[in-house]
Protein chains: 2
Amino acid sequence: MNRVATKEDGDGGRCQSGTKTRILDAAERIFTDKGFRGTSLRELTAEARVNIAAVNYHFGSKEALLQAVLERRLVPLKKVQRNRLEMIRKNAQAASVRPSVHGALHAFFGPMISLHDSGQAADGFIRFLGQSFSEQSDTISETFLRHIEPVQILLFDILAEALPHMSHDCLSWRLNFALGSMIHSMSMDHFPSLLPNMVPSISYATMTRCMLDFIAAGLEAPCAQYPSPG
Amino acid sequence: MNRVATKEDGDGGRCQSGTKTRILDAAERIFTDKGFRGTSLRELTAEARVNIAAVNYHFGSKEALLQAVLERRLVPLKKVQRNRLEMIRKNAQAASVRPSVHGALHAFFGPMISLHDSGQAADGFIRFLGQSFSEQSDTISETFLRHIEPVQILLFDILAEALPHMSHDCLSWRLNFALGSMIHSMSMDHFPSLLPNMVPSISYATMTRCMLDFIAAGLEAPCAQYPSPG
DNA sequence: GTCTATACGATGATAGAC
DNA sequence: GTCTATCATCGTATAGAC
């Protein structure tokens with residue numbers, strides 16, 4: 001039996017019955033709506049039209065299922081991010097100029113928004129991603145670390161080139177603030193307007209541009225707390 | 001029997017046995033460490049040396065206990081924030097100048113950090129606050145909305161005075177980004193260094209100054225997405 | 001009024017039949 | 001691979017002792 005290797009079932013193309021895919025799709029949908037801990041395996045398996053024990057058989061545990069749901073989107077996402085970031089770096093080196101802060105940020109944050117706005121099944125995944133960020137689970141933390149950290153180090157290095165006068169400590173903190181802005185914005189849909197009558201009916205693309213302006217200005221600001229590098 | 005009214009037991013001074021206080025203290029401690037959903041009532045009541053049913057008797061439910069834990073710190077916190085913000089506004093009006101962005105931000109964020117650095121029992125509450133922000137619960141969302149929104153509207157109004165050229169839509173978004181930075185930083189302790197070898201051994205006061213620089217610059221940046229107010 | 005012991009339904013997980 | 005039966009544990013509810 002040949003490997004198909006094209007079906008996105010998270011099983012490397014070995015799946016036959018589509019059970020894993022149905023579970024993954026249902027999980028992504030319900031987790032986004034009700035949250036990971038707010039979703040019971042019984043409800044999830046009913047929605048996916050599989051047996052209750054199927055999740056534990058195919059994934060090992062409910063938490064491992066969450067990890068699988070994350071990785072199915074995270075792996076292609078980080079690949080796009082890495083390619084774009086490396087292109088930013090290459091182009092800057094070729095032109096013998098410093099990379100721009102805005103360009104680096106756009107290479108990093110852009111693919112996330114495209115994923116959201118793409119209209120495919122990945123819709124809502126960004127919201128789900130933002131929620132998962134605050135899951136208190138070592139497994140999930142490690143999943144994020146494993147997939148996102150390398151890309152983030154790349155972003156950090158490019159930003160360090162773009163901002164040569166800034167100490168690495170300060171840049172680390174600020175990159176973290178920037179991440180917080182994005183994560184919060186992504187998961188904000190479920191937090192009913194913490195801001196006074198905020199306009200929710202806006203495209204993610206517009207919000208992203210607004211966010212990049214905000215973050216870029218924050219990153220480029222003079223730093224009074226960490227005057228010396230190291 | 002006279003009211004003592006000084007004991008911080010969350011019961012208006014009517015408590016005698018200290019059961020409620022012990023539950024609140026234990027809850028704040030364990031919730032901070034293991035998260036709300038990661039803490040069982042059995043473990044919590046064992047730590048507080050009370051009966052399992054005590055939580056439901058005194059608070060009604062586990063979720064209502066979380067609400068009580070939050071409100072015990074949130075109520076005095078928002079009072080300090082409101083006073084400081086109103087003083088900022090009064091001083092600016094008296095001097096017939098616009099309030100400063102930095103001053104408004106410091107009035108809002110400063111008390112949170114003081115609460116953390118105060119060395120009293122409230123230590124770690126900020127971390128707990130950051131985590132609670134991402135709880136998917138209508139009760140918790142409403143608690144935040146009820147206590148934080150009024151202060152936030154005040155902050156919004158002052159910032160709108162400080163930045164008269166900025167549209168309210170843009171300011172709303174940016175204030176939300178700023179909130180995200182703070183929330184993420186506050187709950188970051190439990191997320192093991194998503195950033196490459198970031199310096200964790202830093203005082204919250206220093207981090208706060210760094211954060212305020214970041215946020216202030218982001219808020220003050222020219223806005224290309226919302227050129228016209230309204 | 002407080003506190004205790006106990007019971008209930010639902011959950012995530014697992015073992016074994018098919 | 002799939003299913004049923006079963007388990008320990010969870011949050012919650014309540015009756016009754018002090």
Side-chain angles (χ1 to χ4, degrees), chain A residues 1 3-4 7 9-27 30-31 33-69 132 135-140, chain B residues 1-4 7 9-27 30-31 33-70 132 135-140:
Chain A
M1 177 178 296
R3 277 165 161 257
V4 179
K7 288 194 66 174
D9 52 13
D11 198 19
R14 203 154 32 83
C15 171
Q16 302 172 25
S17 65
T19 302
K20 287 189 74 170
T21 308
R22 282 212 308 281
I23 293 177
L24 284 172
D25 289 342
I30 311 187
F31 284 169
D33 279 351
K34 309 191 173 182
F36 172 67
R37 294 211 150 92
T39 306
S40 71
L41 280 185
R42 283 163 178 83
E43 177 189 4
L44 197 154
T45 50
E47 168 97 2
R49 286 172 291 116
V50 298
N51 188 267
I52 306 190
V55 168
N56 275 279
Y57 173 75
H58 284 285
F59 298 95
S61 71
K62 188 189 179 189
E63 201 170 22
L65 169 61
L66 171 59
Q67 186 175 343
V69 173
S132 307
E135 284 292 337
Q136 267 151 343
S137 145
D138 290 342
T139 309
I140 306 306
Chain B
M1 177 179 293
N2 292 335
R3 276 165 162 259
V4 179
K7 289 193 65 175
D9 52 12
D11 198 17
R14 201 155 31 83
C15 171
Q16 301 173 24
S17 64
T19 300
K20 288 188 73 169
T21 310
R22 282 212 308 282
I23 294 178
L24 284 171
D25 290 341
I30 312 187
F31 284 168
D33 279 351
K34 309 190 173 184
F36 172 66
R37 293 210 151 92
T39 305
S40 71
L41 280 185
R42 285 162 176 84
E43 176 189 5
L44 196 154
T45 50
E47 168 97 3
R49 286 171 293 116
V50 299
N51 187 270
I52 305 190
V55 167
N56 274 279
Y57 173 75
H58 283 285
F59 298 95
S61 70
K62 188 190 179 188
E63 200 169 22
L65 169 63
L66 172 59
Q67 187 175 340
V69 172
L70 284 173
S132 307
E135 284 292 335
Q136 267 152 342
S137 146
D138 291 341
T139 309
I140 306 306

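Proteins get letters first, then strands, A, B, ... in listed order; numbering begins at 1 in each. The model shown is predicted, which means the values in this text are computed figures rather than measured ones.
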**Message:** With heavy-atom distances below 4.5 Å as the criterion, would you say the side chains of A/Leu65 and A/Leu24 are in contact?
**Reply:** yes
**Any A/Ile140 side-chain heavy atom under 4.5 Å of A/Phe36 side chain** = no
When you check the phosphate oxygens OP1 and OP2 of [N], does a side-chain N or O of [X] lie under 4.0 Å from one of them?
X: B/Thr19; N: C/dC3; result: yes
X: B/Tyr57; N: C/dT2; result: yes
X: B/Asn51; N: C/dT2; result: no
X: A/Asn56; N: C/dG12; result: no

**Request:** By nearest nucleotide on DNA chain D, pick out whichever of B/Ala53 and A/Ala54 is the more 5' one.
**Result:** A/Ala54
Starting at [atom1] of [X] and ending at [atom2] of [N], how long is that distance when rounded to a whole Å?
X: B/Leu65; N: D/dA13; atom1: CG; atom2: P; value: 14 Å
X: B/Leu41; N: C/dT6; atom1: CG; atom2: C1'; value: 16 Å
X: B/Arg37; N: C/dT11; atom1: CZ; atom2: C1'; value: 13 Å
X: A/Ile23; N: C/dG12; atom1: CD1; atom2: C1'; value: 14 Å
X: B/Lys20; N: C/dG1; atom1: NZ; atom2: P; value: 14 Å
X: B/Ile52; N: D/dT9; atom1: CD1; atom2: C1'; value: 11 Å

**Item:** Pairwise distance CD1(B/Ile30) to CD(B/Glu43) - rounded to 0.5 angstrom
**Value:** 5.0 Å
**Fill in**
Quick note, B/His58 side chain, CB onward, closest among C/dT2, C/dA13, D/dA13 is C/dT2
**Prompt:** Which part of the nucleic acid does B/Thr45 contact within heavy-atom distance under 4.0 Å: base, sugar-phosphate only, or nothing?
**Reply:** nothing
**Message:** Quick check: closest heavy atoms across A/Phe59 and A/Ala64, and the distance to 0.1 Å?
**Reply:** O-CB, 3.1 Å
